[in-house]
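Notes follow the structure.
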Amino acid sequence: MAKVVIWGIGMFADLAYLYLTEDTDHTIAGFVVDVEFKDADRFRGLPVVTPDAVAAAFPPAECRMFVPMSQRENGDCRRSKYLAMKEKGYGFISYVSSRAQVFSNAAVGENCFILENNIIQHYASVGDNVILWSNNHIGHHSSIGSHCFFTSQVVVSGRCSVGEHCYFGVNATVGDGISVAERNILGAGSLVMRNTKPGQVFVEKPTALFPMSSGDVALK
């Protein structure tokens, strides 16, 4: 149980507030946001401060930090805020849903946001500052690098490795024993069955629109 300061006052921060208040014993102390995005002094009834005032308002000796930001700039933005708060002396929580299944010999790093119905199997590991949205499968003996973002219904098979700063779209799949290099993007529905190189992007073709007007076939 900890007093927690959440980075941001947008959609991700609001979801983090809801998950933490409904599914943990943590107490939310307040929020911190860059000055250019601070348009109110309170959010969810709690104080909002800027980074230059956060240590005075919420001392690192008393509070821990949570930075649940999106994958803008391939995770670099979230990484920079995470490291900036670490430099100020903050420790971090991770949120792992009570409805996720994380085996006892799996490992989860700090500042992770792991939502409902994720499965992290035996001897799998998840690095720091990783977001796993709902319903993903991380196979046995696989490792997920720091600063990654998984959307939903992603399957990482057994004995895989995923480098840092990767993004996985909905229903992306990685075959058994595959190494996904850093800063890869796997688009929705993509299937990766061979080792990749840094900075690669994989995009599955969208389903084609059938060339048929409503007059061609009687719809019943």
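Just so you know, these numbers use all the heavy atoms, side chains as well, and skip hydrogens, waters and symmetry mates.
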Taking atom types as modelled, find out whether Tyr167 and Asn184 have a side-chain donor-acceptor pair closer than 3.5 angstrom.
-> no
Is it the case that Asp23 and Ser98 place a side-chain donor and acceptor less than 3.5 Å from each other?
-> yes
Side chains of Asn129 and Arg78: do they bring a donor and an acceptor to under 3.5 Å?
-> yes
Contacts of Phe202 meeting ring pair (Phe, Tyr, Trp, His ring centres under 6.0 Å) (sequence neighbours excluded), chain-then-number -> none
His165 and His147 aromatic centres sub-6.0 Å = yes
Are the aromatic ring centres of Phe103 and His122 under 6.0 angstrom apart?
-> yes
So, Phe113 versus Phe66, ring centres under 6.0 angstrom or not?
-> yes
Partner of Phe31 under ring-ring contact (aromatic ring centres under 6.0 Å, His included), chosen from Phe58, Phe37, Phe43 = Phe43
Taking atom types as modelled and ignoring hydrogens, do the side chains of Asn117 and Ser134 form a donor-acceptor contact shorter than 3.5 angstrom?
-> no
Lys/Arg N to Asp/Glu carboxylate O, Lys88 vs Asp52, below 4.0 Å = no
Out of curiosity, does Phe149 fall in the hydrophobic cluster containing Val192 (side-chain heavy atoms, cut-off under 4.5 Å, transitive links)?
-> no
Between Tyr19 and Glu116, does any side-chain donor sit less than 3.5 Å from a side-chain acceptor?
-> yes
For Val126, the option from Ser143, Ser146, Cys112, Ser142 that meets side-chain contact (heavy atoms from CB on, under 4.5 Å) | Cys112
